There are 2 protein chains.
Amino acid sequence: MPDSGFREIRGLDLFAQMTDQNFAALVRGAYVQTFPAQIDLVAEGDPSDFLHVVLSGSVDLYSCWNGRDTSLATVRPISTFILAATIRDAPYLMSARTLEKSRIALIPSQDVRAIFDIDGGFARAIVAELAQGYRAAIKSQKDLKLRTSLERLANFLLRQQKRAGGDASFELEFEKRRLASVLGMTPENLSRAFKGLQPYGITVEGNRILIGDQEDLERFAKPNPLIDDPTS
Amino acid sequence: MPDSGFREIRGLDLFAQMTDQNFAALVRGAYVQTFPAQIDLVAEGDPSDFLHVVLSGSVDLYSCWNGRDTSLATVRPISTFILAATIRDAPYLMSARTLEKSRIALIPSQDVRAIFDIDGGFARAIVAELAQGYRAAIKSQKDLKLRTSLERLANFLLRQQKRAGGDASFELEFEKRRLASVLGMTPENLSRAFKGLQPYGITVEGNRILIGDQEDLERFAKPNPLIDDPTS
DNA sequence: TGGTTGACTTGACAGTTATCAATCGAGGCT
DNA sequence: AGCCTCGATTGATAACTGTCAAGTCAACCA
């Protein structure tokens, strides 16, 4: 058990409340590996052998059907992904690939399930994480079904602005083609959507966004904590 | 504590593994109530005071934003809804209303959280249920983002057929306007989508559907267990 | 430096979906 | 029967979104 990496994991909400002994047992069979960019980590339909923890870099969760594909989420450090599949011992519903060079910890799913059964603190943390993920998925569904693509983009920009610190100018941390996929549109339409937000004060220069009139954009976007607040 | 109703609840996966003592404590503050049709049970944004269990009838989970609204799910006996909000002590993300006369059990959320902390069997069941709900939400997102409305309808019909027993002819258990909302389209387009499936052997007569050529429909719908199988 | 690559953008067009208005038809009521 | 209501359907039209093709631009590299 190489220690590197596991100290960072220990600090995660998911692992913070468990006993030292159980944590040691959990990481005994685990390992940390560094992957280059654009590497497929898991494919949808695979059995969920490992719980993955992103320590650095970033991971794209996506899915394919009938020749089409769509990005569903981005995982950034430090957090886990595909916990639900691990818990249910069910196949992954999404594929995962690195977006950039990334350090990933892999914890055998059977160990997660075994420790879950004997460590109440761990079980409680898993419940909290699952409930949060569940709610995030519902919010995403509401975003998709209740908003037009222009509204989704406007609200995404407001969320991203907040994540980036709140300044009027900030960086998109997304390749635009992937942002388009996450927002449920084509890259061409994302381009047009950015232009469609110009009347509300949005300026785009490469990956840098400038919100010229915060109030004007918010009046159009109508952000709602029950859709856009990632913490609730 | 009126006993009526609680015996049915006890048989649910969610409550089956907990101790008698804890179950008694859980239902001590709970009550069962019968509601007429079209009654709002909870509104999105409300604090999650109760975990709801549908004993009979059916409940529509929906959400509104900026003058639009959409149905997200239907809850049928016997199952719970809005467990994630209860667990996280967070506001409801969806509103709920009865579709027909329904018996609902209401269990105070704080009791759920308290028993969850002391009963391992209950905690495990909650985790299983949350993970399942989480995965269902992901599947729904994939359905929305990867399929056209015609494909969503075709796959819905195949799922409903299976739920109804597998016969070529079966009942829609949905008002069509609500089905349209669930599938993310307007009632007008649902009408047209049904006609669009006629070439694949679909006949509609009121609420009764006939699948004339199973293979033809499946060839078009391309059902996928990672989207359409509710059990995985 | 010139060429190549790949992401992004733009325009033209086609396909899909929403909207609005009108009509149909079943069920309930007087 | 006649009337009313409400959901479902249909047609016409507008809005939106996807597709295809072409062009721009910056980064990279020999």
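Naming: A, B, ... by sequence-line order, numbering from 1 per chain. Values in this document were obtained by computation on a predicted structure and should not be read as measured data.
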Colleague: Separation of B:Arg177 atom CZ from D:dT9 atom P, in whole Å?
Modeller: 12 Å
Colleague: Check whether any side-chain heavy atom of A:Thr34 sits under 4.5 Å from a side-chain heavy atom of A:Lys101, and report yes or no.
Modeller: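 In contact.
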Colleague: OP1 or OP2 of D:dG18 sitting under 4.0 Å from any side-chain N/O of A:Thr186?
Modeller: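 Yes.
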Colleague: Please state whether the phosphate of D:dC16, meaning OP1 or OP2, lies under 4.0 angstrom from any side-chain nitrogen or oxygen of A:Thr148.
Modeller: no
Colleague: Could you give the NZ-to-P distance, from A:Lys145 to C:dT17, as a whole number of Å?
Modeller: 14 Å
Colleague: Applying salt bridge (charged side-chain N to carboxylate O under 4.0 Å, His left out) as the test, list every pair that has at least one member in residues 72-88 of chain A; sequence neighbours left out.
Modeller: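 Not a single pair qualifies under salt bridge (charged side-chain N to carboxylate O under 4.0 Å, His left out).
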Colleague: Could you check how far CD of A:Glu205 sits from C1' of D:dT24, rounded to whole Å?
Modeller: 16 Å
Colleague: Rounded to whole Å, please give me the gap between CG in B:Leu179 and P in D:dG7.
Modeller: 15 Å
Colleague: Is there any protein nitrogen or oxygen under 3.5 Å from a nitrogen or oxygen in nucleotides 9-13 of chain C, and what are the pairs?
Modeller:
residue: C:dT9; atom: OP1; partner: A:Lys176; partner atom: NZ; Å: 2.9
residue: C:dT9; atom: OP2; partner: A:Ser191; partner atom: OG; Å: 2.7
residue: C:dT9; atom: O5'; partner: A:Ser191; partner atom: OG; Å: 2.9
residue: C:dG11; atom: N7; partner: A:Arg192; partner atom: NH2; Å: 2.8
residue: C:dG11; atom: O6; partner: A:Arg192; partner atom: NH2; Å: 2.9
residue: C:dA12; atom: N6; partner: A:Arg192; partner atom: NH2; Å: 3.1

Colleague: Tell me, please, which residues at least two apart from B:Asp143 pass salt bridge (Lys or Arg N to Asp or Glu O under 4.0 Å).
Modeller: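 B:Asp143 satisfies salt bridge (Lys or Arg N to Asp or Glu O under 4.0 Å) with B:Arg147 only.
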Colleague: Compile the donor-acceptor pairs under 3.5 Å between side chains in residues 45-52 of chain B and protein atoms, sequence neighbours left out, one pair per line.
Modeller:
residue: B:Asp46; atom: OD2; partner: B:Ala43; partner atom: N; Å: 3.3
residue: B:Ser48; atom: OG; partner: B:Ala85; partner atom: O; Å: 3.1
residue: B:Ser48; atom: OG; partner: B:Ala90; partner atom: O; Å: 3.0

Colleague: For residues 164-172 of chain A, dump all side-chain donor-acceptor pairs below 3.5 Å to protein atoms at least two apart in sequence or in another chain.
Modeller:
residue: A:Ser169; atom: OG; partner: A:Arg208; partner atom: NH1; Å: 2.5
residue: A:Glu171; atom: OE2; partner: A:Arg208; partner atom: NE; Å: 3.0
residue: A:Glu171; atom: OE2; partner: A:Arg208; partner atom: NH2; Å: 3.0

Colleague: Figure out the CZ/C1' separation between B:Arg178 and D:dC6, and round it to whole Å.
Modeller: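 Nearest whole value for this atom pair: 17 Å.
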Colleague: Check the distance between C:dA26's P and B:Arg208's CZ and give it to me in whole angstrom.
Modeller: 18 Å
Colleague: Atom CG of A:Leu144 and atom C1' of C:dT17: how far apart are they, to the nearest Å?
Modeller: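 Checked: the CG to C1' distance equals 16 Å.
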Colleague: For A:Thr74, enumerate each residue passing the side-chain hydrogen bond (donor to acceptor under 3.5 Å, both in side chains) test, keeping only those at least two apart in sequence or located in another chain.
Modeller: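 side-chain hydrogen bond (donor to acceptor under 3.5 Å, both in side chains) check on A:Thr74 returns A:Arg178.
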Colleague: Which nucleotide, C:dA7, C:dT17, D:dG7, lies nearest any side-chain atom of B:Glu175?
Modeller: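 Nearest listed nucleotide: D:dG7.
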